[in-house]
Amino acid sequence: MSGFDLGAFERKAQGRWTHAFEPDPSDKEKYYLTVAYPYPSGAMHVGHGRTYIVPDVIARFWRMRGRQVLYPMAFHVTGAPVIGISKRIARNDEKTIRLYRDLYKVPQDVLAKFNDPLTIVKHFSDEYQRVMTACGLSIDWRRRFTTVDPTYSKFIEWQWKHLYEAGHVIKGVHPVRYCTYDDNPVGDHDLLEGDKAEVVKFTLVMFRFGDAFIPTATLRPETIHGVTNLWVNPAVIYVRACVDNKPWVISREAAEKLALQDHSVVVEKEIPGKDLVDKRVSHPLCGEIPVLPADFVDPDMASGMVMSVPAHAPFDYIALRDLQRQGKYTTIRPIPLIKVEGYGEVPAQDAVERAGITSQLDTRMDALTQEIYSAEFAKGKLFDRYGGKPVRVARDEVAELMTDQHGSVIMYEFDTRPVVCRCGNRVKVKILHDQWFLKYSDPAWKEQVSDQLLDMALVPPEVRLEFDRTVDWLKDWACTRRVGLGTRFPWDTTQLIEPLSDSTIYMAYYTIAHRIKTIDPNILSPEVFEYIFLGKESPNLPEREKLDAMRKEFLYWYPYDFRFSAKDLISNHLTFQIFHHVTIFPKDKLPKGMVVFGMGLLNGAKMSSSKGNVFLLEDAVGEFGADTVRMFLMGSAEPWQDFDWRNELVISTKKQIERFYYAIHEMKDVSGEPKEIDAWLTSRLQDHIEKTTAALENFQTRQALQESFFGIENDLKWYRRRLPKESNGSRMLRSLCSAWVRLLAPFIPFTCEKLWEDIGGQGLASFADWPVADEKLKNRRIELAEELLLRTVEDIESIKKLIQITPKSITISLAPGWKHDIFTTIARAPDKNLAIREIMKDDAMRKRGKEATDAAKQCTTLIHRLPPQIVELIAGDGVNELAVFEQAQSFLEKEFGVPVHITDAESATHAKAATALPFKPAIVIE
RNA sequence: GCGAGGGUUGCCGAGCCCGGUCAAAGGCGCUGGAUUUAGGGUCCAGUCUCGAAGGAGUUCGCCGGUUCGAAUCCGGCCCCUCGCACCA
């Protein structure tokens, strides 16, 4: 027998698989699955492994079931991340270098070339292909492409033409995080600090100040009626600036920000904050008020000036109180204007005093402010003299009034600060013009998507709700970028199509990817794609033969059957792709299903490359073997559940494969005559085949593995136990070997390829026929008999343990016929509680008296404890218990090493014998 | 805050949708035993509590309800994870 050597199996199979998984259209029914293609900016870890192995298992399963299976792969390289990475490497950023050199193990000479972003993606996409192949993924690599290929760009342009013509592409303005130093919008990954900050809309309330205006930013314009003063920071230098041709007094920072937000700003002169103290300002809605000094005023917050509402804002309240304690401004009184449940006349005072806050600098002040803000917004109502409306209504109304009549404008600002760019500069909010959007907010478009979702299979079913909510919630999506790699936006070639927006219908591109490579990109006009994908003829189409071949591929493969992706893509990619599909393709080419994955954990903690908490897939494959990695990942959780990689569990998985390997070798040449127990094993095998098949049809890899691996293994254990001492089984085991190897082939293909050869299988295991359960080989009666025996053995064991005597003999007494009658009557009774009464109406039973009622009660309990199918069988044809035990007598004597007697209860002498019930014989150990 | 998912016995994790088969699968860990076992392999047994007869008792985040009967259904509460956009 040859030894167990996963590495050798891998090398051998790889040789035989070359070009094996490159399907073309054929007469067979197709099965097309896709995964979200990777963005190759780093090495693969075991979490990626699962993402691609799950579809591979499914692909292999359907391939063995006779389908023509397409599993393609490509690389997504559009966008900005690699640009950032290459820049950081170019300037020798320590952290980045360490990540790539030490964790991803990029050789020094390769790393040196990483200042070019395309080199990075080239390097890692080659690595991806190498590692994916090492994992045994049955991918058609002929179709590999990247999203910056010129032909792909042509395809994207065609796609966008459709979107545009459908009216889904619109132009607008959009506030973004912006770094004035880099002169670019700032994405999450470019932030040093403040990634949680959100852009919020402030209303600038314009106070008249001599010939100028002082704008104060607020989220609560309705509180204008309660303003008692403005706050200015005396230590800050303010400026007088001409904003949109009107003089404003604002902080220096505010001047810069306003310039980014569609305002013309010309700074005229500086004004020290202290010079503004005690000046008077006015607003039509609150009259004339003074400007007071306060240290808490932050010049980097909006306009740098604050309107004070001491009755409703804790900061304002405390600042005013502190001044008044010094004997200043004692005539100013907070002006309450909102009634809110749970607070007194002056909510800010109430809250501050309740919390026992004494200082403006108390860290709880922000939380307190938030608390009052929320309470007033949710439950607050303005006093009748201010209109009596709920705050949530009044707020918008007042804002509108101010904008229309009192010169208010909107200013964008972050809700938390600071927000700092990687370059160290403060990030500001800029309004971008010429920003293009995909109009996902369009109700008609949404409805098309919702309709399509109804026709799609979603796995697991719980995600359907999440998809529905996402469609509901989606707003317009800014779909162009100024930096990054990608396809030029056709209506403004200075911009690029944003990476999520160029990855929505590429599953269709896979069908032609290998063929389109032979065509000059320059002739790929929209008409060409119109023909390939929609069958629309136009005059003078070039390369007609190639186009026809591509049209044929598309028609054969499309639509895809299932798309696999991680769960965090539901709120964007997975939903976007449906939007795009419904716009471009006819109904019969729309997606059919999606499978959504859970996340990966490493030793209980979230996997994260940036935190170094990853285990590289290539290392895992090298250390444990590809089959081990596959089987572990498939068996540890269902695809949609989170899984946890733990080395010690992986090691035991490897032992399991080894056990399987040797088990097959031990069984493959066995030649004994079949016995009764072979029929049992065969019958059970049919069940495992059925259940494994059903599980894989539902993408339950874990369940499938439980059935096909552990299920069969446990049956074999019982089987061996039941064999006579000298026997090692019958020749029937050979067919079990064949079925077992094929059942496991999708999971551990390398080992199975080797075993398939060893047991004389024809061709590749990867293309062998999937086992089919044979109804004729199922034998419920034998299974029931074995079940009875097994339960009795377990009972004997537990009694033996309890009584702790050395047994000299065991007597098994079977229940008499009349107890079987009772059992059957109760089992069939619709109401089991009334059945006893019915039974006791029978004369024969009544004669037995208490014995009969006891038996009836015990039967009722027993029936509730047995699985319903078994009860049904016992009550039906039943099982000849006497025959079962007589046949198993030598087995039982072998098991327990003492003589075993079998009697029927009526002829037994021991008192225990009376306790015998159907399917539960009395046991007497002496 | 909004949206989605989840809390099971030492751990991981089935089961809950379709209430009785559930003291609750499987794996891991631990304990004991067997084995020409190299102290790491394999096999067997045990692993909530009690029990010298296959049984009984208390468990499935917390509280309450429905039911002859609830880990499973309903209501409330607490806690955890993920997504919330211009980022792949």
Close residues, residues 469-477 of chain A, relative to RNA chain B [heavy-atom separation under 4.0 Å]: A:R469, A:W473, A:L474, A:K475, A:W477

Near RNA chain B, which residues from residues 913-926 of chain A have a heavy atom under 4.0 Å away? A:T915, A:K920, A:P921, A:A922, A:I923, A:V924, A:I925

How far does the [atom1] atom of [N] sit from the matching atom of [M], given to the nearest Å?
| N | M | atom1 | value |
| --- | --- | --- | --- |
| B:rA71 | B:rC17 | P | 12 Å |
| B:rC11 | B:rC48 | P | 12 Å |
| B:rC18 | B:rC2 | C1' | 33 Å |
| B:rG54 | B:rC50 | C1' | 16 Å |
| B:rG10 | B:rC82 | P | 26 Å |
| B:rA14 | B:rU9 | P | 13 Å |
| B:rG19 | B:rC73 | C1' | 7 Å |
| B:rU47 | B:rG55 | P | 14 Å |

Under 30°, 30 to 60°, or over 60°: which ring-plane class applies to [X] and [Y], parallel, tilted or perpendicular?
| X | Y | answer |
| --- | --- | --- |
| A:F124 | A:Y104 | perpendicular |
| A:H573 | A:Y506 | tilted |
| A:Y39 | A:H76 | perpendicular |

Answer with base, sugar-phosphate or nothing: what part of the nucleic acid does [X] contact at a heavy-atom distance below 4.0 Å?
| X | result |
| --- | --- |
| A:L500 | base |
| A:H76 | sugar-phosphate |
| A:D644 | nothing |

May I ask you to verify whether the side chain of A:N572 and the base of B:rA88 hold a donor-acceptor pair under 3.5 Å? yes

Without decimals, in angstroms, what is the distance between [X] [atom1] and [N] [atom2]?
| X | N | atom1 | atom2 | result |
| --- | --- | --- | --- | --- |
| A:H688 | B:rG26 | NE2 | C1' | 13 Å |
| A:E462 | B:rA4 | CD | P | 13 Å |
| A:D568 | B:rU81 | CG | P | 16 Å |
| A:I712 | B:rG26 | CD1 | P | 17 Å |
| A:M599 | B:rG5 | CE | P | 16 Å |
| A:F467 | B:rA4 | CZ | C1' | 12 Å |
| A:L485 | B:rC87 | CG | C1' | 15 Å |
| A:F576 | B:rC87 | CZ | P | 13 Å |

Can you see which heavy atom on A:F699 is nearest to which on A:E638, and at what distance? O-OE1, 4.2 Å

Could you list the residues that satisfy side-chain contact (heavy atoms from CB on, under 4.5 Å) with [X], not counting sequence neighbours?
| X | value |
| --- | --- |
| A:D568 | A:A566 |
| A:T96 | A:I85, A:R88, A:I89, A:D93, A:Y100 |
| A:D442 | A:H168, A:K439, A:A444, A:W445 |

Salt bridge between A:K171 and A:D434, side-chain N to carboxylate O under 4.0 Å? yes

More 5' along RNA chain B: A:V463 or A:H174, using each one's nearest nucleotide? A:V463

Can you work out whether A:S636 or A:S798 has the more 5'-proximal nearest nucleotide on RNA chain B? A:S636

Between [Y] and [X], do the side chains contain a donor N or O and an acceptor N or O under 3.5 Å apart?
| X | Y | result |
| --- | --- | --- |
| A:D642 | A:W640 | no |
| A:Q577 | A:T504 | no |
| A:D502 | A:T487 | no |
| A:T146 | A:Y152 | no |

With no hydrogens and no angle check, is any side-chain donor or acceptor of A:K446 less than 3.5 Å from a backbone partner on A:D472? yes

Complement of [N], any strand, by Watson-Crick or G-U distances under 3.5 angstrom:
| N | result |
| --- | --- |
| B:rG75 | B:rC63 |
| B:rG26 | B:rC12 |
| B:rG55 | B:rC50 |
| B:rC17 | none |
| B:rU42 | B:rA34 |
| B:rU81 | B:rA4 |

Kindly give the atom pairs (protein nitrogen or oxygen, nucleotide nitrogen or oxygen) under 3.5 Å for nucleotides 41-46 of chain B.
residue	atom	partner	partner atom	Å
B:rG41	OP1	A:K655	NZ	3.1
B:rG46	OP1	A:K801	NZ	3.4

Produce the list of close N/O pairs, under 3.5 Å, pairing protein atoms with atoms of nucleotides 9-11 of chain B; give distances to one decimal.
none

Under the ring-ring contact (aromatic ring centres under 6.0 Å, His included) rule, collect the residues that match up with [X], sequence neighbours excluded.
| X | answer |
| --- | --- |
| A:F643 | none |
| A:W436 | A:F489 |
| A:H45 | A:H48 |

Is the NZ or CZ atom of A:R395 both under 6.0 Å from the centre of the six-membered ring of A:Y373 and within 45° of that ring's axis? yes

Could you tell me which residues satisfy salt bridge (charged side-chain N to carboxylate O under 4.0 Å, His left out) with A:E713, sequence neighbours excluded, listed by chain and number? A:R659

Which nucleotide sits closest to the side chain of A:E466: B:rG26, B:rA88, B:rA4? B:rA4

Of the candidates B:rA4, B:rG83, B:rG54, the side chain of A:S571 sits closest to B:rG83

Once base and sugar-phosphate atoms are separated, protein heavy atoms under 4.0 Å mark nucleotides 14-22 of chain B, 5' to 3', with B, S and - as S-----SB-

What do you reckon, are the aromatic ring centroids of A:F891 and A:W718 less than 6.0 Å apart? yes

